[in-house]
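Heads up, the thing below is written out as structure tokens.
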Amino acid sequence: MLHWYSAAPERDSLFELCAAVAGPDDTVVLLGEGVRAALAAGPALPDRVTWLAMKTDLAAQGIAENQLKASVGLIETDELVRLACRYPKVQSWP
Amino acid sequence: MLHWYSAAPERDSLFELCAAVAGPDDTVVLLGEGVRAALAAGPALPDRVTWLAMKTDLAAQGIAENQLKASVGLIETDELVRLACRYPKVQSWP
Amino acid sequence: MTEVLKPRETLLVLSEAPHISSRSRERLDLLLALAAGDWPVTVVFVDAGVLLLAPPAEPAELQDYPAGLGMLPLFGVDAVWAERGALQRYGLADTALRIPVRVGDAGEIRQLMEDAACLM
Amino acid sequence: MTEVLKPRETLLVLSEAPHISSRSRERLDLLLALAAGDWPVTVVFVDAGVLLLAPPAEPAELQDYPAGLGMLPLFGVDAVWAERGALQRYGLADTALRIPVRVGDAGEIRQLMEDAACLM
Amino acid sequence: MSLEFAIMVCHRPDNTLMARHAVTFAERALALGNTVNCVFFYGPGAAIALDPVLLSRDEFDPGERWQTLAKTGDLDLAVCVGSGERYGTVEETLADGFVITGLGRWLAAVAQADRVVRFS
Amino acid sequence: MSLEFAIMVCHRPDNTLMARHAVTFAERALALGNTVNCVFFYGPGAAIALDPVLLSRDEFDPGERWQTLAKTGDLDLAVCVGSGERYGTVEETLADGFVITGLGRWLAAVAQADRVVRFS
């Protein structure tokens, strides 16, 4: 399953639920405010899940790549489209 | 000083800052979404500060009085006006 | 439109508290539209969204739109779930809710997502 | 209006990240209006608001409105503070920011609020 | 003791909890013998001043409550011109009882007020 | 493989990050050989379809990008009537290229689509 997480990650309770719901074959794409979850000092990202973040949202919020957890991959829109084609379903949070 | 806290308390980082900034002579009024901070299972409310919550916002969100921390007082608008008269300054969060 | 409407097993997650933005209202409207259109629908209340399930204590001034939930049983929607942790956090674990719910944790919510044909 | 405008020592707290709502933009506009009007103004960046201080890395498509901060020194505003914990959380503790800031914790932020005549 | 209030309203119109507080606060402040020198609709608050003929806010319409209050008291309902342009509140779509002004109107109100409060 | 998308747009117009994603996603989905059977503006998303003559969204105007895309492709830009009434997007204030419809239009799109996505 594909997840799009765009809520502010400072809202711990929803982020933790998303991270707990996501399974081993899942990908969570962080977008919008959600990209702040990729910060090194951000919440724990379970490594059974693939974590990606939208490059443009990091740039727009002034977040540099060296501030991120190494486990988070960076993507652009074409890859977001391809993921939405590859996975049959997308869960948007919130 | 008087504080009005109306952000979602699920946004831990801002709530913790407000609670840390508030001093012994301060009153923090929880209003709007902020009233959820008064829930028994909500964040810690330092007891050097006076904590109040708007009654109507609790009711509108389906929160009953027996779900709240005992240390939180409940007020209505007239008291909010009186507090704003009594304290020279109000800090609104956010 | 000439296509025949083929309803799909749909899951909705409701995560927002009532009255602080129009979002919870609109998600509820969407749920009721699906139910009224005889779509097979499952709903999961999570995070502050569980407050929609709290019994009404509204001042009359605000419209009690969560009352619309009462229509779900009439539409035959009985797949209504709520997140266990959120019910506890918001003091609703032992409260009589507006409608009967099944209580689940992350594992059960995940299974509901897997079982649905469509996530809305 | 015939009253004479008496500027007051004003403190603004900016707590919202750029580009995800108009709020950060509007708080910044208010700050610049105060500064341009020669009001004695102090600004404190807290929580996600510290991201306004991050050096520009914008795609050109979004207007770089935090660049307006560069005008503060020109207006003589040098009382610019940032929350220590937030700078750390957002990875900005060791970064060259858009403008020079003083770093403070809750105690110092409280003192700024006490010293101000007006909180906006 | 009678105090003079300047009130900034920045919440979104669909935050019905804050909407109700802002207008009720103004009503009760007046009822308790104070004055309100300006209610300034800033940021998303500018959308509160949209003409009700364009809207159906069935849940709670803060604009109508403000209009009623303005008719009975001597309240100045000032909408920030810049915010209005961002939210579609311009002369053609402005509700009766509101006026469009610049930030200068707000600064004048603050300079003169005993108390400055913000509903956000 | 070409897939048919139904896209729900529920973010607020001032969430410029999500606004940019939604329209860029639609553009790139088409460019990569897919189809989009409906873009449904729901909830706060309805305000994206306000006539640009009433607005000055200097930072980023998602409405104009959608209009441009609708002109080049065969996209259906459908605004939910109920949401429009809440945000002031009605026939008199509707931007060119958008149509006002009911939720039924969205359900028909979902029933037919291979993929359903929501930008919130």
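Residue numbering restarts at 1 for every chain, and letters A, B, ... go by the order of the sequence lines. As the structure is a prediction and not an experimental result, all values here were calculated from the model.
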Do NZ/NE/NH1/NH2 and the carboxylate oxygens of B:Glu10 and B:Arg36 come within less than 4.0 Å? yes
Report the relative orientation of the aromatic rings in E:Trp66 and E:Phe41; use parallel for angles under 30°, tilted for 30 to 60°, perpendicular for over 60°.
perpendicular
Bottom line for E:Asn34: the part with an atom under 4.5 Å from chain B's heavy atoms is side chain
*Charged N to carboxylate O below 4.0 Å: is that the case for E:Asp76 and E:Arg105?*
yes
Heaviest contributor of heavy-atom pairs below 4.5 Å to chain B, chosen from E:Ala29, E:Cys10, E:Ala31, is E:Ala29
All heavy atoms of B:Tyr5 vs all of B:Arg11, minimum pair found to be OH-O, 4.1 Å
From the list B:Asp57, B:Thr77, B:Leu80, the residue making the most non-hydrogen contacts under 4.5 Å with chain E is B:Asp57
